[in-house]
Amino acid sequence: MLKLYNTLSREKEEFKPQALEVTIYSCGPTVYNYAHIGNLRTYIFMDILRRTLAFDGYNLKGVMNITDVGHLLSDADDGEDKMVKASREMKKTPEEIAAFYTSVFFKDIKALNIGTPEIIAKATDHIQEMIDYVCGLLEKGFAYETSDAIYFDIGKFEGYGKLSRLNLDDQIAGARVEVNSEKRHPADFALWKKADKNHIMQWASPWGMGYPGWHIECSAMSKKYLGKTLDIHTGGVDHIPVHHENEIAQSEALEGCKTVNYWLHGEFMLVDGGKMSKSLGNTYRIDQLEEKGYPPLAFRYFCLNAHYRKKLNFTFEGLDAAKVSLGRLYALTCKHRGGANKTSAETLKKYSDEFVDAINDDLNIPLALGILWTMFKEPESKELYSLALEFDKILGLSLATAKQPDESAEPEIPENVKAIAEERWSARINKNWAESDRLRNELTQLGYLVIDSKDAYTLKKS
RNA sequence: GGCACCAUAGCCAAGCGGUAAGGCAGAGGCCUGCAAAGCCUUUACCCCCGGUUCAAAUCCGGGUGGUGCCUCCA
């Protein structure tokens, strides 16, 4: 039985989907910049959730948005659109920018073994759906028009703030958002913004030329693909107070019913004990980690070692540990792949049950990983290898293609290095230890590690 | 100021009432000419003070400390 922590109730709840096909909406990237490792942690969480559901026998219908318009820089509803800003700064069209960062995003998530949701929805492909949505809200009296936008009237929506449990009035007192005099309530948010003539992204609407607000896209697209009520909605914790609160308000106002059954949020990744964000400039990208010698999956492992609802402090010390651990896990995998022992059915069942219990307990991956390690200490057997591959359906660490460290050693050793190694070997055969050690140091200097065995040696790039 | 969350070994991290998983690092040993790698062994009474209980890291109260949100952010 799968239990998931629902942000709305603040409790672990038994997961009961509406049908065998589970509907999931995941807040995706705003493609105006590179995704950083903090963003990617949230998608790893989404991936683990999807893998767990699939493992439990559900079919998935997942939607992820690509936000390529409408995400303002400020909730004061007067900030510049992110895409427009990036476009201006990079002197490219918004379409070019979106296409570029979208492709980088998919490259990143592929490198991290994050499965792509079944439906990828670009905001700009759904302008009509959003307009229809806004019309619906206007008809029902939940929205009103001002000189600059169509706003959602939160005063008409009972229960605004139920997800974040923030008392709106308390917040307003110290709000840094400037009051827009035409708004009925300071927290009313734009559903549709009217654009002036030189705004580069705009579409015709019943209210003249304009562009959608950010929040409306998720509601409109999830309605289109997943219907009135979806099973699970995922996102980062930062979305709880504004974005998801607004989604709830819009969608429940329009549909008149609960529209999301389970709200799941991934915690933030910290860096050096503090917040990581693009605006603070303390972010890393996956390709930057690769340049430093950390494979993407080492980063995935790093994330898997902590529960998705706990803050995770990113440090290179931690990433080093993850990299070493993953390497050893691969080596163990290889041992079991060629294992000659037999593992009893009871033993296999024990580990399998433990693992399944762990993942079904609100995706307790750190615990599940521990179970894998413990299991791998059993005598090597092909049965354990097969079971590990089952586990890897959740973990996504590519255990099936695990290689022994020396299997992957590249044959491209320069001739001069080979020559020194040969020389050293003969010195060693002749028990000329001083010379042998001297030559080994030379090899070390050149960046090669020499490993002796009984009657041969191997060279490895260090 | 308001609202949350968190506090477990040098580091990361599970555990959520019955006397502390796992990983990294470290230490000792095996192996090695010496190393490296590998293998074996080994390292905690759970922030503090009260309380509840036969029993608490786990529940309650009060502290202290940290982080996040209340502004765009995964």
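In what follows, every chain begins at residue 1, and chains take the letters A, B, ... in the order their sequences are listed.
When both pairing distances are held under 3.5 Å, B/C16 makes no Watson-Crick or G-U pair with any nucleotide shown. Across all strands shown, B/A44 remains unpaired; no Watson-Crick or G-U wobble contact has both distances below 3.5 Å. Nucleotide B/G33 is matched to nothing when pairs are restricted to Watson-Crick or G-U wobble geometry with both distances under 3.5 angstrom. Nucleotide B/U52 is matched to nothing when pairs are restricted to Watson-Crick or G-U wobble geometry with both distances under 3.5 angstrom. Taking a pair to require two hydrogen-bonding distances under 3.5 Å in either a Watson-Crick or a G-U wobble arrangement, B/U64 pairs with B/A7. Nucleotide B/G1 has B/C70 as its partner under the Watson-Crick or G-U criteria, with both atom distances under 3.5 Å.
Residue contacts shown for A/Arg438 are absent, as no nucleic acid heavy atom lies under 4.0 Å away. At the heavy-atom level, A/Ser436 lies under 4.0 Å from base atoms of the strands shown.
Between B/C11 and B/A74, the distance separating the two P atoms is 31 Å to the nearest Å. Look at the C1' atom in both B/A55 and B/G1: the space between them is 42 Å, to the nearest Å. The separation of B/G38 from B/G23, taken at their P atoms, amounts to 13 Å, rounded to a whole angstrom.
Nearest to the side-chain atoms of A/Leu270 among the listed nucleotides B/C24, B/A74, B/G68 stands B/G68. Looking at the side chain of A/Phe268, the nearest of the listed nucleotides B/G68, B/C34, B/A4 is B/G68. Of the listed nucleotides (B/A35, B/A74, B/C69), B/A35 has the atom at the smallest distance from the side chain of A/Asp452.
Looking at A/Arg165, its side chain has no donor and acceptor atom pair within 3.5 Å of the base of B/A4.
In terms of heavy-atom proximity, A/Phe299 sits nearest to A/Leu319 at CA-CD1, 3.8 Å.
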Protein and nucleotides 11-19 of chain B: nitrogen or oxygen contacts under 3.5 angstrom:
from	atom 1	to	atom 2	distance (Å)
B/C12	O2	A/Asn305	ND2	3.3
B/A14	OP1	A/His307	N	3.2
B/A14	OP2	A/Lys310	NZ	3.3
B/A14	O3'	A/Asn364	ND2	2.9
B/G15	OP1	A/Asn364	ND2	2.7

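The closest side-chain donor-acceptor pair between A/Asn360 and A/Thr52, if any, does not fall under 3.5 angstrom.
Non-hydrogen atoms lying under 4.0 Å from RNA chain B are contributed by A/Trp373, A/Thr374, A/Lys377, all within residues 372-379 of chain A.
Residue A/Arg440 contributes atom CZ, which lies 15 Å from atom P of B/U32 at whole-angstrom precision.
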